[in-house]
Amino acid sequence: MMTVGIAYVLVEELLRERLPRRWAHTQGVAACARKLAPLVDDRAKALEAAAVLHDIGYAPPLVNTGFRPLDGARHLRTIGSVDDRVARLVANHSFALLEAEQRGLREALEAEFPVVDDEQLADALVYCDMTTTPDGAPDNCR
Ligand SMILES: [Fe+2]
């Protein structure tokens, strides 16, 4: 199983030089996830892993459909060592279903990556993503 530490290494390698702003944002989202750890108890590692991996689909080598949550989650499935719940969180983060609908990808997204049956965990990831600036400052994550 992929550890959170390995997730950081993987995403840093894909984003740091190619998309430094996205890498900074990713680190901010992960920092927010660590702050929320007490709220999610034994799911803290899954939340942090999903936070680190949530925008991996922006990495140019992974772009396929151009819909980042789906491209990223599909890549995570090919790696094979990523917890399925984490891949599904990545696929559905931040209201991805709505954008998938606009792109004609909703059926594919739902079929391949059903929404995680843990609303608190999914909401925590959205909260971290939405309260972190594009430059990575977790300004509103408290
Ligand atoms: Fe994000």
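Order of appearance sets the numbers: ligands from 1, and atoms from 1 within every ligand.
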Asp129 atom OD1 and His25 atom NE2 as seen from the Fe ion (ligand 1), angle to 10 degrees = 80°
Considering only the SG atoms, does Cys141 lie under 2.5 Å from Cys128?
-> no
Is it possible for you to check whether Arg22 lies under 6.0 Å from the centre of the six-membered ring of Tyr58, through NZ or CZ, and within 45° of that ring's axis?
-> yes
Hey, which N, O or S atom on Asp55 ends up closest to the Fe ion (ligand 1)?
-> OD2
Does the shortest distance from the Fe ion (ligand 1) to an N/O/S atom of His54 fall below 2.8 Å?
-> yes
Between CD1 on residue Ile56 and NE2 on residue His75, distance to nearest 0.5 Å = 5.0 Å
Output for pair (Glu99 CD, Leu97 CG), nearest 0.5 Å, gives 11.0 Å
